[in-house]
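Here is the structure we will look at.
What you see is a predicted model; the values in this text were computed from it and never measured. Along the sequence shown, residues carry numbers from 1.
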Amino acid sequence: ELANIKIVGKKTVEIDRIIAVGTADSDNAIINMETTELHAGDARIRVSGVVKAREKAPDIKLTGNIENISTTKLLEIWPLEVARGLRVWIDENLDAFVPNGNFDVDLSEKDLLALVDGGEVPTGFLNAEFQAKDATVRYLEGLPPLRQAYGRGVLKDAEFNFYGEGGVATVASGKKVQLVKARFLTNWAKSDPAIGKVEASVKGPASAVMELLDNDPLNFGKKMGINPKTMGGNAAGELEFTMPLLAELPIEKVDIKATALLSGIKIPKAFGDFDVTKGKLKLDITRFGLKGTGTIDLRGTKTALVWTENFGFRGKRSSEFKLSTTLNDAARKRLGLELSSFIRGPADVSMTLTGSGADLNEAHVVADLTKTTLFRKPIGWLSPPGKKASAQIKMKFLKDGAIEIENIKVVSDKRKVFVTGKLSINADGEVSKFNLPEILLGPLNRYSASGSRNSAGRLDVVVRGASFDARPIIENALKQ
């Protein structure tokens, strides 16, 4: 029995007591350990087995268990050259209390020399398992660590797995992201440096999850144009990080995959002045971009959404939103599209918006008007539902708030043109100018129209063409 031992090396290891019971056979160079116990405070390591000396290294066959030891103390007695990558990862990323664990080691002289020299890892030389609690796990530098986690570690030869549950990550706002389950795995012999993978299932308020992912080096919220503090709803996600086990790890070396299921999502001013509510989305995220699908609510109108982000593109069109819905008279009114003097009934609408996050610069709109009644009451023109018709426009959103609407085209199934042209809307929502070179509303209305707003604020309009049927206008005037 030895007491108050200090083992001096790169780090000084203090051990309160070592109690060893066994026999030594000097003729055959064999140490038979019935039991050897190391005591350091409440921590205990018990080992039994046989060590036989050979020419260059011993044969080792041991079995043992550990109790009440911290990962810090465990690393102090960890042989520096064994599983260096795994040792570095635990040192940098895992602080935990190990209440119990067990291990078996079976190494021949040849196997031990191969391990020390970085050669092929033998099969069946090591089996170990331990429980961990009160764990703090740092999974990616810059992101808040998981705390109060618990789990189980399994080491089989060169393969290590840690299964965790129950931790929480607290973001800067104080909100919490809860760990449902996690797994860290690596094989320290397959590459140098060893490659580690973190897989985690998390849940929490959508604002907390987005705030977590908006930390350096990810900055996903900023890249999407979303302020996490203004988000509402809930999120459940699967995260995956694959990375070399290095003490200093640049983000370019990390492969990131994430899948998030968002429910009850609220994002103010997501599309101009339009708030997103009641969102239900699935997001697939990598370091390079995002693909999202699902449904959102725009002022009471349920809308399908396909959302694409390119994180590596620094131009004006890193974001694309494809929206599709059916707009009836009430929905158009809620959205501020006052078209009741032109159309009546449902229209299937698809819109593609492009820009950078919430900063949109272009939109392309296509509407199926087959179920819609098109009419212009003052001239007595009407196109009933059931006849295939469509409309399309292209819009540019200018920095001063003005909108340029180009490529206006309303056509029938036989490519019969109803209206074509373009117009401009100023920042106050007024038509500043327009040009409609083709207006063909029935056989007697074939004309063009153009106009611009003068210095007095009035819109000057010029109408020219082959014919204009004014009879309905005159009849209505006479009736009045």
Side-chain angles (χ1 to χ4, degrees), residues 225-226 230-233 262 264-281 292-308 319-355 357-377 383 385 389-410 418-419 421-432 434 436:
I226 294 176
T230 64
M231 285 187 71
L262 310 180
I265 293 302
K266 299 178 182 178
I267 305 176
K269 310 295 183 185
F271 303 112
D273 290 331
F274 292 95
D275 299 340
V276 164
T277 60
K278 300 180 182 178
K280 186 176 182 180
L281 300 171
T293 57
T295 59
I296 58 175
D297 192 282
L298 295 174
R299 295 186 183 174
T301 301
K302 188 175 182 179
T303 304
L305 170 65
V306 177
W307 173 15
T308 305
S319 306
E320 181 183 82
F321 306 92
K322 292 185 177 181
L323 307 170
S324 57
T325 189
T326 298
L327 298 179
N328 58 23
D329 297 343
R332 285 191 290 270
K333 189 173 182 179
R334 287 195 303 270
L335 294 171
L337 302 173
E338 187 48 67
L339 302 173
S340 59
S341 59
F342 300 97
I343 66 175
R344 184 170 56 245
D348 296 329
V349 179
S350 298
M351 175 185 290
T352 300
L353 298 161
T354 56
D359 185 13
L360 303 173
N361 51 57
E362 285 192 5
H364 184 243
V365 182
V366 176
D368 184 348
L369 305 176
T370 304
K371 296 181 255 183
T372 308
T373 299
L374 305 177
F375 64 97
R376 195 71 183 101
K377 191 173 181 180
S383 178
S390 64
Q392 60 179 306
I393 62 172
K394 183 178 180 181
M395 296 186 287
K396 290 185 178 180
F397 306 104
L398 307 183
K399 290 185 178 180
D400 63 357
I403 301 174
E404 295 287 343
I405 301 179
E406 304 173 340
N407 301 330
I408 300 172
K409 183 177 287 189
V410 183
F418 293 143
V419 179
K422 60 183 179 180
L423 62 87
S424 300
I425 300 174
N426 62 28
D428 295 325
E430 301 172 325
V431 175
S432 57
F434 70 93
L436 305 175

So, [X] side chain and [Y] main chain: donor-acceptor pair closer than 3.5 Å or not?
{"X": "Asp275", "Y": "Lys269", "result": "yes"}
{"X": "Arg344", "Y": "Thr373", "result": "no"}
{"X": "Thr325", "Y": "Lys302", "result": "yes"}

Does any part of the side chain of [Y], heavy atoms only, come nearer than 4.5 Å to the side chain of [X], both counted from C-beta?
{"X": "Val276", "Y": "Thr303", "result": "no"}
{"X": "Trp307", "Y": "Glu320", "result": "no"}
{"X": "Thr372", "Y": "Leu374", "result": "yes"}
{"X": "Ile408", "Y": "Leu423", "result": "yes"}

With rounding to the nearest 0.5 angstrom, report the [atom1] to [atom2] distance, [X] to [Y].
{"X": "Leu353", "Y": "Glu362", "atom1": "CG", "atom2": "CD", "value": "10.5 Å"}
{"X": "Arg332", "Y": "Leu327", "atom1": "CZ", "atom2": "CG", "value": "6.5 Å"}
{"X": "Met351", "Y": "Lys322", "atom1": "CE", "atom2": "NZ", "value": "14.0 Å"}
{"X": "Leu369", "Y": "Asp348", "atom1": "CG", "atom2": "CG", "value": "9.5 Å"}

**Message:** Assess the residue pair Lys422 and Glu404 against the criterion (side-chain contact (heavy atoms from CB on, under 4.5 Å)); give the C-alpha distance rounded to whole Å, side-chain angles, the decisive distance to 0.1 Å, and a yes or no.
**Reply:** CA-CA 8 Å; Lys422 60 183 179 180; Glu404 295 287 343; over 6 Å; no
**Item:** Minimum-distance pair of heavy atoms, taken over all atoms of Thr301 and Ala331
**Value:**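 So the two residues come closest at OG1-CB, 3.5 Å.
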**Request:** Could you pull out the closest heavy-atom pair between Asn361 and Gly355, with the gap in Å?
**Result:**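 Heavy atoms of Asn361 and Gly355 come nearest at ND2-CA, 3.4 Å.
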